[in-house]
Colleague: 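This structure is in structure tokens; I'll ask about it shortly.
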Amino acid sequence: MPELPEVETVRRGLAPVMDGARIRKVRQHRPDLRFPLPQNFVNRLSGARLGVLQRRGKYLFSDLSTGETLIMHLGMTGRFTIEDEESRQPGRFEHTHQANLRHDHVVFELESAAGAGATVTYNDPRRFGFMDLVGTIALEECRHFEGMGPEPMGNGFCAEAFNTALKGRTTSIKAALLDQRVVAGVGNIYACEALFRAGVSPRRRAASVAGRRGERLQASIVAVLGDAIAAGGSTLRDFAGADGALGYFQHRFDVYGREGEPCPACGAPVRRLVQAGRSTFFCGRCQR
DNA sequence: CGATTAACCTGGAAGC
DNA sequence: TGCTTCCAGGTTAATC
């Protein structure tokens, strides 16, 4: 469920206990998530020291002292909980409402450089998330990262590159934004929000956006993601931000989930349509 | 070849 | 109350 801002918020929440920590033990409660967990997953992790937790698109990853890299994806409903082992107190990265324990699939028991213990639990009811171990040397070419588009908050994402990626595409601009090869990390919510901010119709052919509209849309993507990250990541349904507070950025969505409500810019009712099997929310008057 | 659709799962909300 | 239907922030194999 989480898109780039939420994954970045998760990264920031986990980093204090994961960066540089040693993995004492891993508990694996089932053989698979979306995919089978790697062979000997527990043994390949146990005893390893974690590097710095990083993010690429909607993926989290951390190098290990073993020469492998742990890659994690949250799917739609994946989330992490931190518990402080010594005090038995939930950490600041606790869900607002109790997660169903039967969906706690992987538990990392960690020990910081200072010797403090912490438990990081991965919970995922729908199991669309996954974890993988790949050789660190071949990380860029691994099946998860190969072909992924530029990081929207990085130097590689500029209007020129964005327009180039859109040229020749006959699919809708909405569907193109969801294609991780065009730009990494944008999902259904922020695709809708970026299109609204840019005043671009979600039904427009992607190729027809290249140009002035593409420049505006590229800037809108950066702006809306930046706002969401600054707000601590949006929260919706079963996802809680790093501080556990629900209802953060969700109140600031201009069009997503607001079918029938007035457009914040012109007052016309926000409309909903289905594209590529996903709901699109937009203003038919502001977005052309 | 690119573009769309169906499928993977569970749980919560809405409708009857 | 209980049952049914629809919907959900993602990805990808299968199909058009």
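Just so you know, these numbers use all the heavy atoms, side chains as well, and skip hydrogens, waters and symmetry mates. Lettering of chains follows the sequences in order, A, B, ..., and the numbering in each one begins at 1.
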Colleague: Determine the interplanar angle of the A:Y59 and A:H144 rings, folded into 0 to 90°, and report it as parallel if under 30°, tilted if 30 to 60°, perpendicular if over 60°.
Modeller: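 Tilted.
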Colleague: Report the distance from atom CZ of A:R278 to atom P of C:dC7, rounded to the nearest whole Å.
Modeller: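 One finds 13 Å between P of C:dC7 and CZ of A:R278, rounded.
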Colleague: Whole angstroms only, please: what is the CG-P distance between A:L178 and B:dT4?
Modeller: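 Checked: the CG to P distance equals 12 Å.
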Colleague: Between A:Y256 (OH) and C:dA8 (C1'), how many Å, whole number?
Modeller: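 Value for this atom pair: 7 Å.
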Colleague: Go through A:T81 and A:T121 one step at a time and tell me if the side-chain hydrogen bond (donor to acceptor under 3.5 Å, both in side chains) criterion holds.
Modeller: CA-CA 5 Å; A:T81 304; A:T121 301; 5.9 Å; no
Colleague: Of the nucleotides C:dA8, C:dG10, B:dT10, which has the atom closest to the A:H103 side chain?
Modeller: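 The answer is B:dT10, which lies nearest to the side chain.
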Colleague: Just call it for A:R102: base, sugar-phosphate, or nothing, with non-hydrogen atoms closer than 4.0 Å on any strand.
Modeller: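 If one applies the 4.0 Å heavy-atom cut-off, A:R102 turns out to touch the sugar-phosphate alone, with no base involved.
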Colleague: Using atom CZ of A:R143 as one end and atom P of C:dG10 as the other, report the distance to the nearest whole Å.
Modeller: 19 Å
Colleague: Could you give me the stems involving DNA chain C, meaning stretches of three or more consecutive Watson-Crick or G-U wobble pairs whose two defining distances are both below 3.5 Å?
Modeller: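 Runs of three or more consecutive pairs: B:2-8 with C:10-16, B:10-16 with C:2-8.
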Colleague: Give the rounded distance in Å between these two atoms: CZ of A:R79 and C1' of B:dC9.
Modeller: 16 Å
Colleague: Can we say A:E151 and A:R55 salt-bridge, meaning some charged N sits less than 4.0 Å from an Asp/Glu carboxylate O?
Modeller: yes
Colleague: To the nearest angstrom, how far is A:H73 atom NE2 from C:dT12 atom P?
Modeller: 8 Å
Colleague: Choose from B:dA3, C:dT11, B:dG11 the nucleotide whose nearest atom is closest to any side-chain atom of A:R169.
Modeller: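 The answer is B:dA3.
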Colleague: Using the C1' atoms only, state how far C:dT11 lies from B:dG12, rounded to an integer number of Å.
Modeller: 23 Å
Colleague: When you check the gap from the basic side-chain N to the acidic O, do A:D124 and A:R126 get nearer than 4.0 Å?
Modeller: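 No.
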Colleague: Take atom CG of A:L33 and atom P of C:dG10, then tell me their distance rounded to the nearest Å.
Modeller: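 Distance, rounded to whole Å: 18 Å.
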Colleague: Determine whether A:E193 and A:R197 satisfy the following criterion, salt bridge (Lys or Arg N to Asp or Glu O under 4.0 Å), listing intermediate values before the conclusion.
Modeller: CA-CA 6 Å; A:E193 294 296 304; A:R197 286 202 192 196; 5.6 Å; no
Colleague: For the side chain of A:R34 and the base of C:dT11, is some donor closer than 3.5 Å to an acceptor across the two?
Modeller: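 Flag set: donor-acceptor pair detected.
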Colleague: Regarding A:G187, tell me which of base, sugar-phosphate or nothing describes its non-hydrogen contacts under 4.0 Å with the strands shown.
Modeller: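 A:G187: backbone/sugar contact only, no base atoms under 4.0 Å.
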Colleague: I need the NE2-C1' distance between A:H105 and B:dC8, as an integer number of Å.
Modeller: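 Going from A:H105 (NE2) to B:dC8 (C1'), I get 14 Å.
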Colleague: Between B:dC9 and C:dC3, how far apart are the two P atoms, rounded to whole Å?
Modeller: 25 Å
Colleague: Between A:T171 and B:dG2, is there a contact of a side-chain N or O with OP1 or OP2 at under 4.0 Å?
Modeller: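 So the side-chain polar atoms of A:T171 never come under 4.0 Å of the phosphate oxygens OP1 or OP2 of B:dG2.
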Colleague: Does the side chain of A:Q180 get closer than 4.0 angstrom to OP1 or OP2 of C:dT11 through an N or O atom?
Modeller: yes
Colleague: Is A:D132 salt-bridged to A:R143, going by a charged N under 4.0 Å from an acidic O?
Modeller: yes
Colleague: Where the side chain of A:T170 is concerned, which of B:dG2, C:dC7, C:dG10 is the nearest nucleotide?
Modeller: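 Looking only at side-chain atoms, A:T170 lies closest to B:dG2.
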Colleague: Any salt bridge linking A:E68 with A:R44? Criterion: basic side-chain nitrogen under 4.0 Å from a carboxylate oxygen.
Modeller: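 A:R44 and A:E68: salt-bridged.
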Colleague: Please confirm whether the shortest side-chain N or O distance from A:R127 to OP1 or OP2 of B:dC8 is below 4.0 Å.
Modeller: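 Answer is no, no contact under 4.0 Å.
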Colleague: Indicate whether OP1 or OP2 belonging to C:dA8 is found under 4.0 Å from a side-chain N or O atom of A:S279.
Modeller: yes
Colleague: Does the structure show A:F128 stacking with C:dT11, if we require the centres to be closer than 5.5 Å and the planes to be within less than 30 degrees of parallel?
Modeller: no
Colleague: Hey, does the Lys NZ or Arg CZ of A:R278 hover above the aromatic six-ring of A:Y256, less than 6.0 Å from the centre and inside 45° of the axis?
Modeller: no
